[in-house]
Amino acid sequence: MSRLLNSKLFRRYPWVNPLLILLILVIVYGWALRGLKVDFELLRSSWPYITDFISRLFPPDPAVIDIALKGLIETVQMSLWGTTIGAIISLPIAVASANNVAPRWLQWLANLLQNAVRSVPSIILGLIFVAATGLGAPAGTLALGIYTIGYLAKFYQQAIEAVDYRSLESLQVMGASRFQIAQYGILPQVLPLGLGYTLWMFEYNIRAASVLGVVGAGGIGFQLKSYIDGFEYNKATTMMLVLLVVVTVIDSFSSQLRRRLDSM
């Protein structure tokens with residue numbers, strides 16, 4: 001009865017529904033802002049400190065470009081291997097977690113594994129592998145590989161669940177096993193989308209690899225942190241600019257490649 005009255009109310013007054021949504025959003029964001037306890041007066045008075053810090057970053061110091069390029073190459077290498085390791089491990093996890101392929105008990109375990117990996121920040125993974133392998137790129141590569149699993153497995157899962165179910169039914173009628181269904185019914189449909197997700201993750205891991213340098217896991221981030229700790233802000237700016245250029249180039253290239261994959 002209440003549902004009937006509500007539907008009649010919304011048909012008669014169509015502005016009620018968006019008004020309710022707006023009211024809920026205002027309440028939620030107001031609650032969140034109150035929890036942040038933002039001091040707007042402090043923010044207003046902090047601008048001189050912000051501008052002073054930014055002014056110390058310029059001009060960049062070109063004398064460390066060779067060090068920046070060396071660290072950048074290591075960062076790209078870390079991202080390449082970390083993304084590849086994560087993608088290979090993510091594929092079977094994604095198949096196991098897809099609701100149109102795997103049994104429910106296996107879906108539950110695979111999704112639990114995904115959530116567990118995503119709940120661990122990349123810096124914590126970096127600390128774990130630095131403790132295991134020591135400072136340097138190997139620790140960062142392993143951390144990126146595990147970090148990648150939490151996201152690519154979810155992306156792959158969504159791609160698998162979006163496949164045309166009629167093709168899977170045809171394979172089931174023909175007596176195909178679950179492995180054959182995944183190989184011949186799912187993989188050809190999800191491959192272009194999966195490659196696009198993998199390229200996006202590769203881009204993201206370059207940024208993540210620079211952050212992992214903060215805990216000594218190699219890459220350009222290690223040099224960046226060293227210069228900031230030593231108050232050599234001009235050299236740190238050079239590192240950030242080199243990273244910005246490379247990330248922009250890779251983003252442009254991978255965006256074009258993803259568009260071609262999407263057109264497939």
- request: Using a 4.5 Å cut-off on heavy atoms from C-beta on, say whether the side chain of I27 contacts that of L23.
  value: yes

- line: All heavy atoms of A98 vs all of E161, minimum pair found to be CA-OE2, 3.6 Å

query: Cluster question for you: counting only ILVMFWY and a side-chain heavy-atom cut-off of under 4.5 Å, with indirect links fine, are V242 and I228 together?
result: yes

field: Test item: M201 and Y147 side chains (from C-beta on) under 4.5 Å apart, heavy atoms
entry: yes

pair L243-L72: side-chain heavy atoms closer than 4.5 Å: yes

message: If the condition is side chain to side chain donor-acceptor pair (under 3.5 Å), which residues does R56 pass it with, not counting sequence neighbours?
response: D52

- request: Kindly compute the distance separating OG (S46) from CD (E41), expressed to the nearest 0.5 Å.
  value: 10.0 Å

message: How long is the straight-line distance from CD1 of I128 back to OG1 of T133, given to the nearest 0.5 Å?
response: 11.5 Å

statement: Paired with S97, the side-chain hydrogen bond (donor to acceptor under 3.5 Å, both in side chains) test is passed by just one of Q114, K154, Q107, namely Q114

- prompt: Should L199 and V247 be counted in the same cluster of Ile, Leu, Val, Met, Phe, Trp and Tyr side chains packed under 4.5 Å apart?
  reply: no

query: According to the ring-ring contact (aromatic ring centres under 6.0 Å, His included) rule, which pairs have a member within residues 45-79, sequence neighbours left out?
result: F53-Y233

- prompt: Would you say I54 and F231 are hydrophobically clustered, going by side-chain heavy atoms of ILVMFWY under 4.5 Å?
  reply: yes

- request: Looking only at non-hydrogen atoms, find the nearest pair between R118 and G150 and report the distance.
  value: NH1-O, 2.6 Å

- prompt: Do D61 and T237 have side chains that get closer than 4.5 Å, going by heavy atoms?
  reply: no

field: Side-chain touch L212/F129, heavy atoms, less than 4.5 angstrom
entry: no

task: Indicate whether the side chain of Y156 and that of T198 have a donor and an acceptor atom separated by less than 3.5 Å.
output: yes

- request: Take the angle between the ring planes of F155 and W200 and call it parallel below 30°, perpendicular above 60°, tilted in between.
  value: perpendicular

- prompt: Donor-acceptor pair, T75 side chain versus A209 backbone, under 3.5 Å?
  reply: no

- request: Test side chain to side chain contact (heavy atoms under 4.5 Å, CB included) on L112 and W108 and set out the steps.
  value: CA-CA 6 Å; L112 178 63; W108 187 86; 3.8 Å; yes

- request: Could you grab the distance from atom CZ of R104 to atom CG of N99, nearest 0.5 Å is fine?
  value: 8.0 Å

- request: Show your reasoning for whether side chain to side chain contact (heavy atoms under 4.5 Å, CB included) applies to V64 and Y227.
  value: CA-CA 11 Å; V64 296; Y227 288 137; 3.6 Å; yes

- request: Drop me the distance from I124's CD1 to I146's CD1, to the nearest 0.5 angstrom.
  value: 15.0 Å

- request: Consider only side-chain heavy atoms of I, L, V, M, F, W and Y, link residues closer than 4.5 Å, and tell whether L193 and L91 are in one cluster.
  value: yes

- request: Determine yes or no for a side-chain-to-main-chain donor-acceptor pair under 3.5 angstrom, with S252 supplying the side chain and T248 the backbone.
  value: no

- request: State, with a plain yes or no, whether a side-chain heavy atom of L244 is found less than 4.5 Å away from one of M240.
  value: no

statement: On a heavy-atom basis, the closest approach of P60 and P62 is O-CD, 3.3 Å

task: Please report the shortest heavy-atom distance between I93 and A153, naming the atom on each side.
output: CG2-CB, 4.0 Å

- prompt: Hey, does Q77 have a side-chain heavy atom less than 4.5 Å from the side chain of L80?
  reply: no

hydrophobic_cluster_shared for W81 and L144, side chain cutoff 4.5 Å: no

Any side-chain heavy-atom pair of T148 and I85 under 4.5 Å: no

message: Return the CG to NZ distance between L57 and K235, rounded to the nearest 0.5 Å.
response: 14.5 Å

message: Within this structure, what is the OG-CZ distance for the pair S79 and R207, rounded to the nearest 0.5 Å?
response: 9.5 Å

